[in-house]
Amino acid sequence: MAAKPDVISGGPLPLNCGDRLVERFTVHKLPPEAERPAFFAALKDKVRFLQWSGSIKTGPEIMDALPKLELISCFGVGYDGIDVPAATARKIAVTNTPDVLNDCVADTAIGLVLNIMRRYVAADKYVRVGDWVAKGMQPLTTSVHHKKMGIVGLGRIGKTIAKRALGFDMEIGYFGRNRQAGVPFRFFDRLADLAAWCDVLVVITPGGAETKNLIDAKILEALGPKGYLVNVARGSVVDEPALIAALKANRIAGAGLDVFADEPRVPAELIALDNVVLAPHVASATVETRKAMGDLVVDNLICAAEGKPLLTRVN
Ligand code: NAP
Ligand code: 8YV
């Protein structure tokens with residue numbers, strides 16, 4: 001029987017996806033940073049594949065340390081940690097896990113919209129700590145239905161969020177670098193105009209240098225004291241200190257956040273605020289979706305090992 005191809009694993013795969021990997025590959029677990037030069041040197045003549053995460057910072061050093069590298073198979077649709085031009089220049093393919101997570105991420109975005117505008121997390125706490133008895137009714141909240149949702153990045157997930165928002169009779173506008181074909185929603189070519197127009201701004205662009213601090217103090221000012229921000233994209237897309245300042249001064253009404261600038265560390269100032277709802281980067285984190293993502297990571301590796309076309313190549 002032919003030897004199994006070698007793969008470096010950048011982290012555990014969910015559910016039984018790791019078993020599927022081990023069945024077909026000899027798996028080498030990525031060690032802590034300090035041990036990596038020796039680890040890569042020992043494997044440089046045989047490793048062609050990485051089972052990876054798009055958040056692992058992966059530049060030319062790693063690629064050059066593994067000269068036989070053919071594929072970086074990332075878990076997650078976002079791959080902002082990977083230097084894709086450097087990979088392309090070395091004829092290394094990069095794959096991700098698009099589409100299989102659209103529904104879950106959209107569900108989470110809507111969950112955050114509902115939670116921050118209707119204050120359901122606060123309502124739960126209100127009952128538990130006895131405020132209902134002690135103080136009477138919880139203060140009134142803000143309706144979601146028939147409000148205006150601004151979507152920053154109307155891609156695969158953005159369109160899925162829009163579909164759900166239509167179920168709440170919301171009006172939808174969007175911003176991106178391009179007008180999207182075949183959508184009935186209003187396109188804004190200036191992000192500040194979208195922020196000023198909408199009641200809730202939902203951010204779902206890729207991360208990375210191009211979108212860094214796209215949501216800055218000016219955009220938050222345009223969103224205004226009655227506007228809400230929901231970020232399910234990447235922490236880097238929002239200027240976090242500017243967001244904290246705006247929330248503290250009630251210059252925006254509130255924020256629902258699944259992603260942060262320095263995960264898993266969330267600034268204490270943000271945690272202390274009661275006009276935010278926080279989640280630990282769980283938008284795609286269901287058994288069903290994580291299994292589909294893990295399977296896609298393994299399927300891309302199997303395709304590469306068998307010389308077949310990759311399923312979800314990004315370069
Ligand atoms: P996608 O289909 O590629 O959509 C991305 C959208 O962002 C496109 O509409 C694109 O439109 C827009 N965009 C790209 N660069 C932009 C820029 N510089 N300025 C403004 N708009 C820009 O990607 P997707 O599958 O929907 O995923 C989007 C992102 O969501 C991922 O990359 C990931 O970072 C994040 N995500 C987060 C979670 C989570 O757990 N919280 C889960 C999944 C995904 P134009 O090209 O027209 O600009
Ligand atoms: C994952 C994500 O939580 O797909 C993405 O881009 O951010 C999430 O689905 C993440 O990739 C897991 O590490």
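Read the numbers this way: they start at 1 and go in the same order the structure lists the ligands and their atoms.
For ligand 2, the polar-atom distance check finds no N/O of Gly76 at less than 3.5 Å from any of the ligand's N/O atoms. Ligand 1 has no N or O atom lying under 3.5 Å from any N or O atom of Leu101, backbone or side chain. In terms of N/O distances under 3.5 Å, ligand 2 is approached by Ser284. Every N/O-N/O distance between Met293 and ligand 2 stays at or above 3.5 Å. At least one N or O atom of Ile157, backbone or side chain, sits closer than 3.5 Å to an N or O atom of ligand 1. Between His281 and ligand 2, at least one pair of N/O atoms sits closer than 3.5 Å.
In this structure, the protein non-hydrogen atom closest to atom 28 (C) of ligand 1 is Ile204 O, 3.6 Å. Closest protein heavy atom to atom 13 (N) of ligand 1: Pro206 CD, 3.9 Å. Nearest protein neighbour of atom 23 (O) of ligand 1, counting heavy atoms only, is Arg156 NH2, 3.5 Å.
Heavy-atom neighbours of Ile271 CD1 from other residues, nucleotides or ligands within 6.0 Å: above the threshold of 12.
Short contacts between ligand 1 and Gln180, defined as distances under 4.0 Å to a heavy atom of the residue, involve ligand atoms 9 (O), 11 (O), 47 (O). Shown in contact with Ala283 at under 4.0 Å from a heavy atom are these atoms of ligand 1, numbered in order with element: 39 (C), 40 (O), 41 (N). Near Val259, with a cut-off below 4.0 Å to any heavy atom, the atoms of ligand 1 are 41 (N). Within the listing of ligand 2, atoms 2 (C), 5 (C), 6 (O), 7 (O) sit less than 4.0 angstrom from a heavy atom of Arg234. Residue Arg290 has at least one heavy-atom neighbour below 4.0 Å for each of these atoms of ligand 2: 1 (C), 3 (O). Taking a cut-off of under 4.0 Å to the non-hydrogen atoms of His281, the atoms of ligand 1 that pass are 39 (C), 40 (O), 41 (N). Set against the non-hydrogen atoms of Leu154, the atoms of ligand 1 under 4.0 Å away are 9 (O). Each of the atoms 42 (C), 43 (C) of ligand 1 lies under 4.0 Å from some heavy atom of Val105. When each atom of ligand 2 is checked for a heavy atom of Gly78 under 4.0 Å away, the hits are 4 (O), 5 (C), 6 (O). The contact set between ligand 2 and Phe75, taken as ligand atoms under 4.0 Å from a residue heavy atom, comprises 11 (O), 12 (C).
Note on Lys57 versus Glu33: no salt bridge recorded, every NZ/NE/NH1/NH2 to OD/OE distance being 4.0 Å or above. Between Lys125 and Asp131, none of the side-chain N atoms (NZ, or NE/NH1/NH2) sits under 4.0 Å from a carboxylate O, so this pair counts as no salt bridge. Electrostatic pairing of Asp103 and Arg164 counts as a salt bridge here, judged by a charged N lying under 4.0 Å from a carboxylate O.
Not a single heavy atom of Glu263 lies less than 4.0 angstrom from ligand 2. Ligand 1 is never approached by Arg179 to a heavy-atom distance shorter than 4.0 Å.
Of the options Ala279, Gly153, Ala106, the smallest heavy-atom separation from atom 12 (C) of ligand 1 is shown by Gly153. For atom 29 (C) of ligand 1, the candidate residues are Val77, Thr205, Leu214; the nearest heavy-atom contact is made by Thr205. Across Gly176, Pro280, Gly208, heavy-atom proximity to atom 21 (N) of ligand 1 is greatest for Gly176. Considering Thr211, Leu191, Thr108 only, the shortest heavy-atom separation from atom 18 (N) of ligand 1 involves Thr211.
Checking side-chain atoms of Thr211 against main-chain N and O of Leu214 turns up no donor-acceptor pair under 3.5 Å. Under the 3.5 Å distance criterion, the side-chain polar atoms of Asn96 are matched with a main-chain donor or acceptor of Val77.
When heavy-atom distances to ligand 1 are checked against a 4.0 Å cut-off, Arg234 comes that close only through its side chain, counted from C-beta outward. Contacts with ligand 1 closer than 4.0 Å are made by side-chain heavy atoms of Phe175 only, the backbone lying farther away. Contact annotation for Leu101 and ligand 2: only side-chain heavy atoms (C-beta onward) come within less than 4.0 Å of the ligand.
Side-chain contact annotation: Thr88 with Asn315, donor-acceptor N/O pair under 3.5 Å present.
Less than 6.0 angstrom separates the ring centroid of Tyr174 from the ring centroid of Phe187.
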